[in-house]
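Before any comments, here is the structure.
Atoms within a ligand are numbered from 1 in the order they appear, just like the ligands themselves. Just so it is clear, the structure is predicted and the values come from calculations on it, not from any experiment.
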Amino acid sequence: SAGPEDMPPEIWEKIKNHPCYSEEAHHHFARMHVAVAPACNIQCNYCNRKYDCSNESRPGVVSQKLTPDQAVKKVLAVASEIPQMTVLGIAGPGDSLANPKKTFDTMRQLAETAPDIKLCISTNGLALPDLVDEICKYNIDHVTITINMVDPAVGEKIYPWIFYNHKRYTGYEAAKILHERQMLGLEMLTARGVLTKINSVLIPGINDEHLIEVNREVKKRGAFLHNIMPLISEPEHGTVFGLTGQRGPTAQELKAVQDACMGGANLMRHCRQCRADAVGLLGEDRSEEFTLDKIEAMD
Ligand code: SF4
Ligand code: SF4
């Protein structure tokens, strides 16, 4: 897992209190996600929108969707109860940047009322190049892009369609546009000094070996961490769009791809894939203490 020896001191300084980036921080600092972004602008074959984007969710629990005002209220309530709460993320349940008004309204209010909380977002990257200015404006200092391929021929097996510039694209063309927008978005964030992590979902038989190339390409463009996550395909996770019968990787398969990527972008191995509305330190989930009715009752 990444540590101070893997990166320049100024980057380590920025991430050492961030549980998603530093294994050490995982034990001392808490993060929370607010589910303000319901819509998505692409379709991933592995998506189950009932839960959370990027496959970063545990099965069986649906995130509570919030308006920006409700989200801000919740963040402030949690921050006053949990002093180790240092990071607020927007990661779904759709795509944060396919809901720019809701996402940036939340971020703007938090930047004003709770400037000490670090802000981050996760995105599939399609809308990213158009929104880099907004990201910088609200001091969002960490972005995660889910990148599962750097070759549209692989991409068209993962993404049946995208919705871009008021138009639906399918097949190879859709994957090519998505790929170009992801690479451009990553380059733009790097140029602006925004720390960018890449998440990849390992889909056996589709992109397993290809992820080594993904690792090389994202490293070249300045990504400072690469997190390779297993496809979750347990039946209780629900029907996964377009991937009937697709299995997730075994622990050995996951480790083999992670090992093959060593020496590329720094790998992150500590992520336990938390849900879109997770609250608390690693290994604890206090989201039930901060449901909407409880927050509304606090004042
Ligand atoms: Fe971040 Fe993953 Fe840790 Fe959750 S489990 S806080 S998403 S690194
Ligand atoms: Fe689902 Fe996220 Fe893919 Fe959108 S980007 S289809 S929310 S996994």
Side-chain angles (χ1 to χ4, degrees), residues 20 33-66 89-103 120-131 135 143-150 152 154-164 167-171 174-186 196-203 206-207 211 214 218 227-234 237-244 246 248-249 271 273-278:
C20 288
H33 293 175
V34 285
V36 296
C40 193
N41 48 4
I42 70 174
Q43 179 66 61
C44 302
N45 269 331
Y46 58 78
C47 180
N48 185 332
R49 202 77 55 79
K50 260 203 290 189
Y51 302 110
D52 178 19
C53 179
S54 313
N55 212 33
E56 278 198 275
S57 67
R58 269 176 282 123
V61 203
V62 180
S63 321
Q64 191 169 36
K65 288 189 193 83
L66 304 176
I90 297 180
D95 187 76
S96 62
L97 299 183
N99 303 261
K101 217 188 148 306
K102 293 188 176 115
T103 291
C120 60
I121 56 167
S122 300
T123 178
N124 60 47
L126 181 62
L128 181 57
D130 302 329
L131 294 166
I135 288 170
V143 173
T144 301
I145 315 174
T146 301
I147 297 181
N148 298 318
M149 54 87 196
V150 290
V154 175
E156 69 179 326
K157 297 183 199 147
I158 303 174
Y159 307 101
W161 55 259
I162 66 166
F163 195 79
Y164 176 61
K167 209 181 138 194
R168 188 181 295 255
Y169 294 84
T170 58
K176 183 165 182 288
I177 294 169
L178 179 63
H179 163 61
E180 288 167 359
R181 301 282 291 172
Q182 288 176 332
M183 296 299 119
L184 177 61
L186 171 56
T196 307
K197 173 186 106 188
I198 305 305
N199 271 354
S200 298
V201 181
L202 170 50
I203 311 169
I206 308 266
N207 69 350
L211 288 183
V214 171
V218 301
N227 174 30
I228 299 176
M229 312 182 293
L231 173 77
I232 300 173
S233 68
E234 279 95 46
H237 207 60
T239 312
V240 179
F241 185 94
L243 279 182
T244 319
Q246 173 70 49
C271 182
Q273 303 187 335
C274 36
R275 34 186 280 216
D277 59 356

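For Thr103, the side chain to side chain donor-acceptor pair (under 3.5 Å) test picks out no residue, with sequence neighbours left out.
Metal site remark for atom 4 (Fe) of ligand 2: Cys44 contributes no N, O or S atom at a distance under 2.8 Å.
Annotation for ligand 2: atoms under 4.0 Å from non-hydrogen atoms of Asn124 are 5 (S). Listed by number with element, the atoms of ligand 2 under 4.0 Å from a non-hydrogen atom of Pro93 are 7 (S). Close contacts between ligand 2 and Gly94 involve ligand atoms 7 (S) [criterion: under 4.0 Å to a heavy atom]. Taking every non-hydrogen atom of Ile42 and a distance limit under 4.0 Å, the qualifying atoms of ligand 2 come out as 4 (Fe), 5 (S), 6 (S).
At distances below 3.5 Å, at least one donor-acceptor pair connects side-chain atoms of Asp95 with backbone N or O atoms of Ala98. In terms of modelled atom types and a separation under 3.5 Å, the side chain of Asn148 and the main chain of Ile158 share no donor-acceptor contact.
Annotation for Gln182 and Asn124: closest pair NE2-O, 2.9 Å, computed over non-hydrogen atoms. Nearest heavy-atom pair, Ile228 versus Leu211, reported as atom, atom and distance to 0.1 Å: CG2-CD1, 3.9 Å.
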